[in-house]
Amino acid sequence: MMSYDRPGVSEDDAALAETVQRFGQEVLHPLAATLDAEDRSAACHLPALAELGLTGINIPEHLGGSGLSPAGIILAISAIARNCAATASLLGAHYLGTDAILIGGNDGQRQRFLPPAARGDMLAAFGLTEPGCGSNPAEMRSYAMREGNGYRLVGTKQFISNADEAGVLVIFAKTDRDAGNKGISAFVVPRDTPGLDVGPAESLMGIRGGKAYPLSMDCFIPAENRLGAEGDGFRLSMKVLDNSRLDVAATCLGIAQAALDHALDWTRTRHVGGEALNRRQGVQWMLADMGCRLEAAWGLTLQAAHLRQNGRPFTQAASMAKLYASEMAGFVTDQALQLHGGYGYTRELPLERLVRDARIMRIYEGSSEIQRTVIGRLMTR
């Protein structure tokens, strides 16, 4: 059993993580394979997640959440992902949307949208990516033009997690189409807004219960739903993504731990030539490499959380954690499958699902290539 007692982690945070792990084993894990095989949404877990308070761990207590520390959030997400990565993805997208309102909103907007989100009465979503614009928001084509006492929001978005299940979305669009990043603004858009249309869910390779959708917009949004001033959207999105990259790193920690757990159990009980696989030096070396990389990812992720907790810049640390943890998860899940041989390649065991779930981690919330660009620029500026 992995311990959540780690440097920089409080006793309360570790105890909560143990509670979440037990919840994951009892509630999430039994359905994880079914959600994947039947392509069902992990939103079926929302009532149970809300009852445990997991829909509000990133929201302060005065707004109805539990206000966990950054380290506590990482531990909770990793425990969820260890049992069902799709559920961790659904919650991560919820935190994206609620973080945007928490960071960029005024008191009225926070009071209006965050308490019901914290209670789990509604999910949130975050609409930044577009069909022709993923890694470079300056190229987005969605726009918001003044109309009466608000804005006409027009455009399309792609791969928006939770878009159909959400009660509210934070949508980014240009209020000045000639100003690049400086022309991007952010708006809170209720899901039932006339003219906001969500298309069918994408057919995904992994995290199939964490649904992603295309959406189109030709809708009126009152000016009171704009987050911050016109042109504040890009800076807001980058602040939110710093947080989210730690959430993704935490998801990677959980997926990799699940894969390592299976590998340790399999090599202990599987016998070849009259001895357990884990008695063979080559197998021990594989397990050692998996464990070392997982522990290194924990260190990078908790270091970034420590910087965030203390109000220090953590963009570089978050990118390092996300980059290393996502590539670590790919390595560990692949090695775990390899250790299971042909059985690992079947759907009777969860290894192939863990491999598929881990693959998106190197792509969303900024690909590995984007993380290297961010890190390199910050190191050399």
Side-chain angles (χ1 to χ4, degrees), residues 2-18 20-21 57-58 60 66-82 85 88 91-92 95-96 99 102-103 237-260 288-333 358 361-381:
M2 187 199 76
S3 172
Y4 291 103
D5 182 14
R6 294 178 173 274
V9 172
S10 70
E11 290 184 6
D12 288 345
D13 287 342
L16 176 62
E18 296 287 358
V20 175
Q21 170 60 16
I57 60 175
N58 63 320
S66 54
L68 281 191
S69 69
I73 293 172
I74 286 167
L75 264 64
I77 293 173
S78 70
I80 294 165
R82 188 175 174 185
L91 277 177
Y95 300 152
L96 274 168
D99 272 355
L102 181 63
I103 295 170
S237 69
M238 293 300 103
K239 290 179 181 178
V240 173
L241 287 174
D242 280 345
N243 292 351
S244 180
R245 284 165 183 164
L246 294 185
D247 296 348
V248 173
T251 302
C252 295
L253 297 173
I255 294 172
Q257 186 65 57
L260 182 56
D289 286 343
M290 294 159 71
C292 284
R293 295 196 193 191
L294 177 55
E295 287 302 309
W298 269 108
L300 283 171
T301 305
L302 289 175
Q303 167 66 12
H306 174 77
L307 294 174
R308 178 184 170 189
Q309 173 71 39
N310 288 280
R312 296 167 60 186
F314 68 100
T315 296
Q316 179 175 314
S319 286
M320 285 182 169
K322 196 270 185 186
L323 170 64
Y324 189 84
S326 62
E327 300 200 342
M328 174 278 299
F331 172 81
V332 170
T333 54
M361 304 299 154
R362 285 177 272 168
I363 298 173
Y364 72 179
E365 316 308 338
S367 66
S368 291
E369 293 73 23
I370 290 297
Q371 303 313 317
R372 289 184 168 92
T373 298
V374 170
I375 295 164
R377 286 177 178 172
L378 289 172
M379 290 177 68
T380 57
R381 69 179 182 182

Quiz item: Can you check side chain to side chain contact (heavy atoms under 4.5 Å, CB included) on R293 and Y324, steps first, answer last?
Solution: CA-CA 9 Å; R293 295 196 193 191; Y324 189 84; 3.7 Å; yes

Quiz item: Under the side chain to side chain contact (heavy atoms under 4.5 Å, CB included) criterion, do S368 and E327 qualify, and how do the steps go?
Solution: CA-CA 8 Å; S368 291; E327 300 200 342; 3.2 Å; yes

Self-check item: Evaluation steps, side chain to side chain contact (heavy atoms under 4.5 Å, CB included), between L302 and V9
Solution: CA-CA 8 Å; L302 289 175; V9 172; 4.2 Å; yes

Practice problem: Show the numbers, then the answer: is there a side chain to side chain contact (heavy atoms under 4.5 Å, CB included) between R372 and L323? | Solution: CA-CA 8 Å; R372 289 184 168 92; L323 170 64; 3.6 Å; yes

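Taking each heavy atom of P70 and A305 in turn, the nearest pair found is CB-O, 3.7 Å. Between S326 and C252 the shortest heavy-atom distance is CA-SG, 3.5 Å. In this structure, N310 and H306 approach most closely via the heavy-atom pair ND2-O, 2.8 Å. Between I80 and A88, the shortest heavy-atom contact is CG2-N, 3.7 Å.
Atom CH2 of W298 sits about 14.5 Å away from atom CD of Q303, to the nearest 0.5 Å. Taken to the nearest 0.5 Å, the OG1 atom of T251 stands 11.0 Å off from the CG atom of L246. Atom CE of M328 sits about 13.0 Å away from atom CG of D289, to the nearest 0.5 Å. For the atom pair OG1 (T333) and CE (M361), the distance works out to 10.0 Å, reported to the nearest 0.5 Å. N243 CG to M238 CE: the interatomic distance, rounded to the nearest 0.5 Å, is 12.0 Å. Atom-to-atom distance recorded for S66:OG and I73:CD1 is 8.0 Å, nearest 0.5 angstrom.
A salt bridge is absent between R362 and E369; no separation between the charged side-chain nitrogens and carboxylate oxygens falls under 4.0 Å.
Looking only at distances, a side-chain donor or acceptor of K322 sits under 3.5 Å from a matching main-chain atom of G366. The closest donor-acceptor contact from the side chain of S244 to the backbone of V240 lies at 3.5 Å or more, if one exists at all. Remark: side-chain polar atoms of R245 are paired, donor with acceptor, to backbone N or O of E365 under 3.5 angstrom.
Side chains of N58 and L68 form no contact here, defined as non-hydrogen atoms less than 4.5 Å apart. Side-chain contact check for R82 versus I255: every heavy-atom pair is 4.5 Å or farther apart. Between Y4 and Q21, the closest side-chain pair of non-hydrogen atoms falls below 4.5 Å.
With hydrogens and angles left out, the side-chain atoms of D13 and S69 include a donor and acceptor closer than 3.5 Å.
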